[in-house]
There are 2 protein chains.
Amino acid sequence: MPLAMDVKDIDRLDKIIQRGRPIQSGEHLYRAGDVFSSIYAVRSGSIKTYLVDDEGVEQITGFYLPGEVLGFDGIDNTDHGCNVVALETSTVCEIPFNRLEELTLQIPTLQRHFSQLMSRQIKSDHQMLLTLSKKNAEGRVATLLSSLSHRYSRRKLSPNALRLPMSRMDIGNFLGLTIETVSRTFSRLQKENIIDVDGREVVINNHDRLNEICHKNR
Amino acid sequence: MPLAMDVKDIDRLDKIIQRGRPIQSGEHLYRAGDVFSSIYAVRSGSIKTYLVDDEGVEQITGFYLPGEVLGFDGIDNTDHGCNVVALETSTVCEIPFNRLEELTLQIPTLQRHFSQLMSRQIKSDHQMLLTLSKKNAEGRVATLLSSLSHRYSRRKLSPNALRLPMSRMDIGNFLGLTIETVSRTFSRLQKENIIDVDGREVVINNHDRLNEICHKNR
DNA sequence: TAATTATATAGATCTATGTCAAATGTTGCT
DNA sequence: AGCAACATTTGACATAGATCTATATAATTA
């Protein structure tokens, strides 16, 4: 589910903006209710975003890898709508929203670029609605693995050997499953020789079978 | 889940654009794969959008009422990502995307306006992720009713008496439930005197209880 | 290194919701 | 009106995944 920018575009932005900032694992980049002023491109590490509803129920709404852009949910308002926290030590490029117009002068395609990123975010969220609404546990887990694999390979990393940046808890929360079900699903996929799992290290042995399972419905 | 425009803004747009067009119930406004050129504001009636995945599984991604704007998922590409069909005889205002820049000259806030609408679409979709991931059948149905009620009252219609524009099938598809479960849930809410149901006519007797049930998790 | 705490796996039940089947109601068509 | 096609409701039963419990493994701290 790619909502990435070109690395060279991020680099250009970063040179102009000069506001890269490192975040430690578990540290919040911002929280729901904080004043909205910027969107962020991940430069290294990984980030999760999550909602908290009135009753305190949390829902992870996305995982963001290097090159991916987050924070679009704040634009309609003065404050952010979700919480953003680093899954590991990470760096981000901050893009102050009120400088977007000046920046557009230096990178003319920027405005259109942002519209496109938001559009892809919407598409990706809709794909996720289908995943949660129609797929069973195997389908959901396989879909996440497949998505991560694609995104790793776009970054010229191996699509076969992944280190998951998030805990089983996070995976379960994101996919609407309990950690037990996530764990059992990993075990089953391993027994069927589709993947090898060792904690957060995952090797995908059979992409074709994995993609079939992505479409398993309940 | 409000991603509406001001009626007077739509009217201004409509005057400029002059491309209102009526659609019959069941008729498609466009389909996934059609060339993207416009976004649309609903003027009357109601509209649903849905995805179809490789296996032919359908997922309704949203219901759109008068004043609400759809089509933002096409902006990153030359073609549309989803299907759009009228739930009843409806009219829409077509906003050609390539005229947006000229239009921005006549309605200066338009660009920002669109960013805000897209941002709200993202927020609304994230809220829906939480609904599908964390709520049980009662919570999902109550959340939909509550959302419709809010959106009706924004249009100066009664928040208590609704005519649902969509079938039980559509509701089930949207909420990740079978029609049987949807039907049983309506019956249960009626037995508890929270709503009265007669086919597609719904009266909300107790908004407070309904909102409590919105947060029922599984 | 041991002690402590978090994280992950695994087994045994329970339950909400799916599946199947049938009855009833609604809508459009001739 | 009468029929056909479709939509909704209701009941009986099956099951995927939740819950509860226990254990094992990894990470963190003393």
Side-chain angles (χ1 to χ4, degrees), chain A residues 24-26 48 57 59-60 85 87-89 131-145 162-192 195-202 213 215-218, chain B residues 24-27 48 57 59-60 87-89 131-145 162-192 195-202 213 215-218:
Chain A
Q24 299 306 309
S25 175
K48 72 174 175 185
V57 177
Q59 175 63 43
I60 294 175
V85 64
L87 293 168
E88 59 195 308
T89 304
T131 296
L132 291 177
S133 170
K134 299 288 183 293
K135 294 179 186 178
N136 67 10
E138 278 204 347
R140 294 183 202 188
V141 171
T143 300
L144 176 61
L145 290 177
L162 320 176
R163 156 155 272 272
L164 303 176
M166 72 293 281
S167 67
R168 296 291 190 270
M169 190 95 207
D170 284 337
I171 294 175
N173 181 295
F174 181 59
L175 297 177
L177 302 169
T178 59
I179 46 176
E180 291 94 331
T181 300
V182 172
S183 182
R184 277 187 256 267
T185 303
F186 274 121
S187 300
R188 200 167 338 131
L189 292 175
Q190 176 157 37
K191 202 154 66 191
E192 294 176 39
I195 61 174
D196 281 312
V197 192
D198 178 18
R200 294 188 176 194
E201 305 286 348
V202 176
I213 290 173
H215 297 106
K216 269 209 180 172
N217 302 325
R218 52 188 185 121
Chain B
Q24 298 306 309
S25 174
E27 193 185 325
K48 73 174 174 185
V57 176
Q59 176 63 43
I60 295 175
L87 292 168
E88 60 193 309
T89 306
T131 296
L132 292 177
S133 170
K134 298 289 183 292
K135 294 180 187 179
N136 66 12
E138 277 204 347
R140 295 183 202 188
V141 170
T143 300
L144 176 61
L145 290 178
L162 320 176
R163 154 155 272 272
L164 303 175
M166 72 295 278
S167 68
R168 297 290 191 269
M169 189 98 206
D170 285 337
I171 295 174
N173 181 295
F174 182 59
L175 296 177
L177 302 169
T178 60
I179 46 175
E180 292 93 331
T181 300
V182 172
S183 181
R184 275 187 259 267
T185 304
F186 273 121
S187 300
R188 201 169 337 132
L189 292 175
Q190 176 158 38
K191 201 154 65 194
E192 294 176 39
I195 62 175
D196 280 311
V197 193
D198 177 19
R200 292 187 175 195
E201 305 286 348
V202 175
I213 290 172
H215 297 104
K216 269 210 180 172
N217 301 324
R218 55 188 182 120

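Note: hydrogens, waters and symmetry copies are ignored here, and every other heavy atom, side chains too, is used. Residue numbers begin at 1 in each chain, while the letters A, B, ... track the order of the sequences.
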When the distance from [atom1] of [X] to [atom2] of [N] is rounded to whole Å, what number comes out?
X        : N      : atom1 : atom2 : value
B:Asn136 : C:dG18 : CG    : P     : 11 Å
A:Arg188 : C:dA10 : CZ    : C1'   : 13 Å
B:Lys135 : C:dA16 : NZ    : P     : 18 Å
A:Asp170 : C:dA8  : CG    : C1'   : 14 Å
A:Ile213 : D:dA16 : CD1   : P     : 15 Å

**Item:** Out of D:dT8, C:dA8, C:dG18, whichever nucleotide has its closest atom nearest the side chain of B:Leu177
**Value:** C:dG18
**Prompt:** Which angle, to the nearest 10 degrees, lies between the helix axes at the two ends of the helix from C:dT1-D:dA30 to C:dT30-D:dA1, each defined by five pairs?
**Reply:**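 Result, rounded to 10 degrees: 50°.
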**D:dG17 phosphate, OP1 or OP2, under 4.0 Å from A:Thr178 side-chain N/O** =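 So the side chain of A:Thr178 is outside the cut-off, no N or O lying under 4.0 Å from OP1 or OP2 of D:dG17.
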**Prompt:** Can you tell me how far CD1 of B:Ile213 sits from NZ of B:Lys135, rounded to the nearest 0.5 angstrom?
**Reply:**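 Output value for this atom pair is 12.0 Å.
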**Prompt:** What string of B, S and - do you get for nucleotides 9-14 of chain D, 5' to 3', when a contact is any protein heavy atom under 4.0 Å?
**Reply:** BBBB--
**Message:** Can you see whether B:Glu138 engages B:Thr185 through a side-chain donor-acceptor pair at a distance of less than 3.5 angstrom?
**Reply:**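 Side-chain D/A pair, B:Glu138 to B:Thr185: absent.
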**Fill in**
Only one of A:Asp170, A:Thr143, A:Ile60, A:Leu144 passes side chain to side chain contact (heavy atoms under 4.5 Å, CB included) with A:Leu175, and that residue is A:Leu144
